[in-house]
Amino acid sequence: MAFLELSEQEIIRRKALEELEKLGINPYPAEKYNVTHYSDQIKNEFDEEKGNLQDVTIAGRLMSRRIMGKASFAELQDEKGRIQLYFNRDELCPGEDKAFYNTVFKKLTDIGDIIGVKGKVFKTQMGEISVNVSELTILSKSLRPLPVVKEKDGKTYDAFTDPDQRYRQRYLDLIVNAPVRDTFKKRARLVQTMRNFLNDKEYLEVETPILQPIYGGAAARPFKTHHNKLDMTLYLRIANELYLKKLIVGGYDGVYEFAKDFRNEGMSRFHNPEFTQMELYVAYKDYKWMMELVEEMVEKIAIDLHGTTKVQVGENEIDFKRPWKRFTMFEAIEHFTGIDISQMDEKQLAETAKKLNVEIDDSMGKGKLIDEIFGETCEAKLIQPTFITDYPVEMSPLAKKHRSVQGLVERFEGIVNGKEICNAYSELNDPVDQRQRFEEQLLLAKRGDDEAMMLDEDFLKAIEYGMPPTAGLGIGIDRLAMIMTNSNSIQDVLFFPQMKPEKKMQIDPASMYLELGIPEEWVPVVQKAGFPTVAELKEANPNKLHQQLCGMNKKHKMGLQNPKPEEVKAWIEA
RNA sequence: GACUCAAUAGCUCAGCUGGUAGAGCACAUCCCUUUUAAGGAUGGGGUCCUGGGUUCGAGCCCCAGUUGAGUCACCA
């Protein structure tokens, strides 16, 4: 009953599929197809004077067709780009029988089909390098029409832009919007550069559990799940910090992991429930050393991706050239507000926050207040890469106390384009202090902070055996990818960002209709008539339904035998 | 979670004060020179997001819902 749910264009394509099969052409052949060239290679290597590339085979998706009698032009898109194809009837069909050109190519091939062509490269009168096709193979017939996007001089016509469709059907976005493919290549390159950089330093890439009995290492709400056999609650990790530090205890001097983390929080253009973070821990180092590593690594990524340290992000040109600006948190606040809060107590901080229109509540301790003031007054103004150092101890239960300033820890965040991209500490390796900090977190939790950390005995046990002084880093790969690809939303650097499921119309299976005595061929017609469920059918007016069904039979020329009115009545009353 | 905006043909979008649903591309038919957003002519295609309401009459007005986007909140 295809015509009831398919669009006209889909029906036409299905018919073309049948026609191909009738002609003995398999629209989905099993054999491998020997591709010799990519589109970009042909465009780069072809030399009219040399007359090279006289026998090439390429494969890809047909993106446009211009048919003019016995000559046609088409565009083929492969992974590397697009190239024009030229089809000439008499060259494609040298003999008497021109059916292959007239029928198979002209009628049964559509935009979106995956095809392979063999031919010789030449330059058209318009000067475009093209392949003169002598052999055409259909490799996969496309049954749905593709959005058609056209381009001229960098101007795009009828762009495929609906974000809902682009994210839910990312493959379409990738087929039709070339810059999207490039964004994800850049993201892959970014990860590769980072990995090479760390491997060159002989740090060990490791994997640690995603399902964790106690979540920790960050301030966030987790996803909760359940293991049936063990009958226990498990959490999807919010960070992998504590496991990586256990590996430092175990004697590796440098470990890192590209980790998918999961946080059960709101979504926005900067937040997806699952996101990727690279965490790195290096023994015998401190946070100052780590700052230099971050600068060097990110600068290298910028150069690798763009050939320069300067990257255009929205309206800002960001320069990742070392060294980056450095501010302590108190300096930054003083710089942007003119207020020195370094000596204030909790009460004074709360008053200052109010004065600066920073929203606060009673659950906030001294550290949280300072953090809020910073977040409100400074963060968005830090466009060029900047390190903010020396955070209040209350906000950083896993960081080592500052070597010279009371009440602070040795911590820094890297801020670029007004957003945090990384977070690092001199790791706390004093087990007595660590236990105390966890206990303070418990107090915060009692005060109402639902992101306070849980006390992790297992982790404490590990560092009680002794962990070397260690520098640790977490760097947000998605955020960094956004900056490096000039993407406005995290959804643009994730292939499949989290989306709400589309609400599907409920449809009862055909068997339920058959039980009512409805002939099989009429079931989809009844459903299409506005009764997708048996329950709804039970409410129908039999006379009206009967007329509706006969009407549809006529309109769609289905050629079915109309049911009698009493039969329709019997279905409804069955 | 709050507020604002959006949803119409396969795609991009018009649609006046409430009165017979439109364009470009895509698709089909016919003709046709190596064309460049690209040949020409003709034609078909709609659950106007869903469900209610107001009205003689709703794509348009009102209410509720679905999905998306933006801003804010939480957060990396």
Side-chain angles (χ1 to χ4, degrees), chain A residues 3 5-13 15-16 63-75 82 84-89 91 107 110-112 122-128 130 132 142-168 172 176 218-221 238-239 261-279 359 361 371-372 375 379 413-415 419-423 450-451 474-480 482 488-491 497 499-505 528-530 532:
Chain A
F3 47 86
E5 58 244 26
L6 297 177
S7 72
E8 184 192 25
Q9 293 193 44
E10 288 174 289
I11 293 164
I12 288 164
R13 283 171 183 238
K15 282 190 182 145
M63 297 306 286
S64 77
R65 297 199 306 161
R66 300 184 284 277
I67 295 176
M68 291 160 306
K70 62 174 191 168
S72 301
F73 290 88
E75 262 186 305
R82 290 188 183 191
Q84 180 168 268
L85 307 180
Y86 171 67
F87 294 86
N88 181 291
R89 186 185 64 200
E91 288 182 58
K107 308 255 184 213
D110 290 291
I111 290 178
F122 74 111
K123 214 176 217 175
T124 63
Q125 288 173 4
M126 301 301 291
E128 178 148 351
S130 311
N132 186 345
S142 166
L143 296 182
R144 289 176 187 261
L146 227 44
V148 177
V149 178
K150 295 193 175 180
E151 208 201 284
K152 159 96 174 168
D153 299 334
K155 195 176 172 202
T156 307
Y157 299 82
D158 300 331
F160 178 63
T161 52
D162 179 11
D164 198 14
Q165 281 189 81
R166 285 185 51 221
Y167 301 146
R168 286 186 206 277
L172 289 182
V176 141
R221 298 208 298 275
I238 57 172
D261 291 338
F262 304 83
R263 299 192 184 173
N264 206 341
E265 288 157 350
M267 290 159 60
S268 76
R269 70 190 185 91
F270 291 105
H271 300 89
N272 194 65
E274 53 181 293
F275 66 102
T276 306
Q277 195 171 201
M278 195 286 291
E279 290 200 36
E359 265 183 58
D361 66 60
D371 194 59
E372 287 292 322
E379 199 169 358
E413 289 190 357
I415 297 183
K419 273 282 164 188
E420 174 191 344
I421 61 158
C422 72
N423 183 16
D450 57 1
E451 291 177 346
I475 182 161
I477 298 299
D478 313 287
R479 292 265 175 98
L480 190 59
M482 282 170 70
N488 189 45
S489 163
I490 196 168
Q491 298 176 110
M499 305 285 274
K500 275 198 200 176
E502 286 175 289
K503 209 175 171 189
K504 285 270 160 57
M505 197 168 59
K528 179 75 179 174

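As a basis for the values below, the full set of heavy atoms in this structure was taken, side chains included, without hydrogen atoms, waters or symmetry mates. Proteins get letters first, then strands, A, B, ... in listed order; numbering begins at 1 in each.
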Check: Can Phe275(A) be called stacked on A76(B) when the rule is centres closer than 5.5 Å and an angle between planes below 30°?
Finding: yes
Item checked: Interatomic distance, Glu379(A) CD vs A73(B) C1' [rounded to whole Å] -> 15 Å
Next item on the list: With C1' as the reference atom in both, quote the distance from G15(B) to C72(B) in angstrom, rounded to an integer.
Entry: 34 Å
Checklist line | base_contact_polar (U36(B) base, Thr124(A) side chain, donor-acceptor, <3.5 Å) | finding: yes
Margin query: What is the distance, to the nearest angstrom, from the CZ atom on Phe160(A) to the C1' atom on C13(B)?
Written below: 15 Å
Notebook entry, point to check: What is the distance from CZ of Arg221(A) to P of G1(B), rounded to the nearest Å?
Noted result: 12 Å
Next item on the list: Please state how far atom CE in Met499(A) lies from atom P in A69(B), giving the value in whole angstrom units.
Entry: 5 Å
Next item on the list: With C1' as the reference atom in both, quote the distance from C49(B) to A69(B) in angstrom, rounded to an integer.
Entry: 16 Å
Note to self: Say we look at C27(B) and G45(B): how far apart would their C1' atoms be, to the nearest angstrom?
What the structure shows: 8 Å
Check: Pro145(A) has a side chain; which of C32(B), G10(B), U67(B) sits nearest to it?
Finding: G10(B)
Item checked: Among C25(B), A76(B), A28(B), the nucleotide that comes nearest once only the side chain of Val148(A) is considered -> C25(B)
Next item on the list: For Met278(A) and A76(B), give me the distance from atom CE to atom C1', rounded to whole Å.
Entry: 14 Å
Next item on the list: Please measure how far the P atom in A58(B) lies from the corresponding atom in A2(B), and state the result in whole Å.
Entry: 33 Å
Notebook entry, point to check: Rounded to whole angstroms, how far apart are CE on Met267(A) and P on G1(B)?
Noted result: 12 Å
Checklist line | Whether over 12 other heavy atoms sit under 6.0 Å from Lys70(A) NZ | finding: no
Note to self: Roughly how many Å apart are A41(B) and C61(B), using the C1' atom of each and rounding to a whole number?
What the structure shows: 43 Å
Item checked: Pair of N/O donor and acceptor under 3.5 Å linking A26(B) base with Gln9(A) side chain -> yes
Item checked: G57(B) versus U66(B) - spacing of their P atoms, nearest Å -> 29 Å
Check: When you compare U47(B) with U35(B), how far apart are their C1' atoms, in angstrom units rounded to a whole number?
Finding: 40 Å
Check: If you take atom types as modelled and just measure distance, does the side chain of Gln84(A) reach the base of U35(B) with a donor-acceptor pair under 3.5 Å?
Finding: yes
Notebook entry, point to check: Strictly under 6.0 Å, is that where the ring centroids of Phe73(A) and Phe87(A) end up?
Noted result: no
Notebook entry, point to check: Please give, in whole Å, the distance from A69(B) C1' to Asp162(A) CG?
Noted result: 10 Å
Note to self: Measuring only between side-chain heavy atoms, which start at C-beta, is Glu420(A) closer than 4.5 Å to Glu379(A)?
What the structure shows: yes
Notebook entry, point to check: Can you tell me how far P in G19(B) sits from the matching atom in A26(B), rounded to whole Å?
Noted result: 32 Å
